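Have a look at the structure below, then the notes.
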Amino acid sequence: MRIVSGIQPTGPIHVGNYLGAIKQWISLQDKNECVFFVADLHALTTPYEAKDLQKSVTEKVIAYLAAGLDPDKVIIFTQSKVKEHTELAWLLSTICPIGELERMTQYKDKSKKYKENINAGLLTYPVLMAADILLYKAQAVPTGKDQEQHVELTRTLARKFNQKFGQIFPEPKSMMPEYGAKIMSLSDPKKKMSKSDESKSYISLFDEPEVITKKIMSAETDSGKEVVYNVTKKPGISNLLTIYSLLTDKPIPEIQKDFTGKGYGDFKKALTKVIIDYLEPFRRKQKELQSREVYIKEILEKGQERARIIAETTMLEVRSKMGLT
Ligand code: TYM
């Protein structure tokens with residue numbers, strides 16, 4: 001299968017991004033043709049510092065590698081370096097009904113969050129995302145739950161294009177983990193964990209042990225003291241149980257049993273250790289990779305060349321079908 005996915009370079013990659021997306025990418029990389037990029041063009045739709053953008057992109061590539069992506073197996077590159085993404089986005093925007101974009105949950109949320117900056121890119125963002133996916137004729141898109149609606153729109157646009165101009169695009173399916181598709185914020189477990197929120201609301205893949213300890217010990221929990229999974233009554237502890245279970249591969253009922261008669265404090269201490277141990281190799285690899293600038297640059301250049309070959313081939317077909325050649 002051809003698989004496509006990406007992450008925006010805004011803010012550090014956190015355990016939500018890892019459990020919702022990157023962990024799936026790693027298990028897919030051996031048997032599929034995978035295209036994973038850093039979505040720098042998407043990041044321009046919300047406030048950012050131009051002078052920090054390149055550093056952020058490099059940090060994301062380091063995170064991909066430190067988490068276990070193998071650059072010999074997957075195509076890794078920066079979105080803006082393959083110009084066909086923006087070209088296809090424009091072409092797809094001409095067949096995308098505005099109503100479809102206005103009903104996107106992420107557009108509504110971000111327009112509320114960034115009231116001072118409701119730019120057109122925020123609205124047309126899912127068209128660029130559809131272009132990212134269709135350019136490579138992806139069959140599947142591994143992401144967390146929050147991107148499902150965008151992948152659904154991608155299928156709609158693929159169908160519309162195929163009907164209007166002739167069959168080119170497969171309709172890509174969403175691929176989400178059974179658990180972990182929506183990891184919640186540590187400071188407000190009713191909200192999803194998000195890179196653009198305050199740092200104490202997420203665990204970054206590279207947080208140092210002391211920082212992890214502080215964040216988990218002060219994570220919002222619920223009334224009562226039993227360590228029991230119940231999303232409506234105990235959203236805080238249920239979120240922490242989900243993280244514990246995914247990082248240890250231990251089913252939640254077993255974890256609950258281990259903590260019968262113990263309180264939130266004991267559970268949080270154990271979870272802290274689980275996270276610190278799990279992320280230890282990530283921190284080690286990050287430190288190694290930070291001094292290998294040339295290696296990172298080479299990976300991106302090689303990735304972008306491979307991506308461009310696929311993208312150019314698709315665009316020849318698209319331009320021809322749309323009457324542009
Ligand atoms: P982004 O950068 O917001 O998030 C990257 C990936 O992490 C997942 N994710 C989560 N999963 C579980 N729990 C959470 N709390 C959580 N927060 C984020 C996201 O679902 C995503 O998979 N628009 C995309 C980037 C993108 C893209 C694409 C993805 C651009 N083009 C094409 C797939 C295909 C985004 O902003 O992801």
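Atoms within a ligand are numbered from 1 in the order they appear, just like the ligands themselves. Since the structure is predicted, the reported quantities are computational estimates derived from the model, not experimental observations.
Given atom 31 (N) of ligand 1, the protein heavy atom at minimum distance is D132 OD2, 2.6 Å. For atom 3 (O) of ligand 1, the closest heavy atom belonging to the protein is K195 NZ, 3.7 Å.
Heavy atoms of V141 found under 4.0 angstrom from ligand 1 belong exclusively to the side chain. Of the heavy atoms in L128, none comes closer than 4.0 Å to ligand 1. For S5, heavy-atom contacts with ligand 1 shorter than 4.0 Å involve the backbone as well as the side chain.
Within the 4.0 Å heavy-atom shell around ligand 1 one finds H14. Residue G180 places a heavy atom under 4.0 Å from ligand 1. Using a 4.0 Å cutoff on heavy atoms, Y202 does not count as a contact of ligand 1.
Residue K268 holds its NZ atom at 6.5 Å from CE of M217, rounded to the nearest 0.5 Å.
Proximity annotation for atom 23 (N) of ligand 1: of Y125, F37, W25, Y125 comes nearest, heavy atoms only. Which of D146, I7, T143, N17 comes nearest to atom 19 (C) of ligand 1 through a heavy atom is settled by distance: it is D146.
Panel note: side chain E317, backbone I168; no donor-acceptor pair is recorded below 3.5 Å. Looking at D207, its side chain never comes within 3.5 Å of a backbone N or O of I212 through a donor-acceptor pair. Side-chain atoms of N32 never come within 3.5 Å of backbone atoms of R2 as a donor-acceptor pair (strictly under, hydrogens ignored).
Residues I22 and M176 do not share a hydrophobic cluster, defined by chaining ILVMFWY side chains whose heavy atoms lie under 4.5 Å apart.
Looking only at atom types and distance, the side chain of D40 has no donor-acceptor partner in the side chain of T78 under 3.5 Å away.
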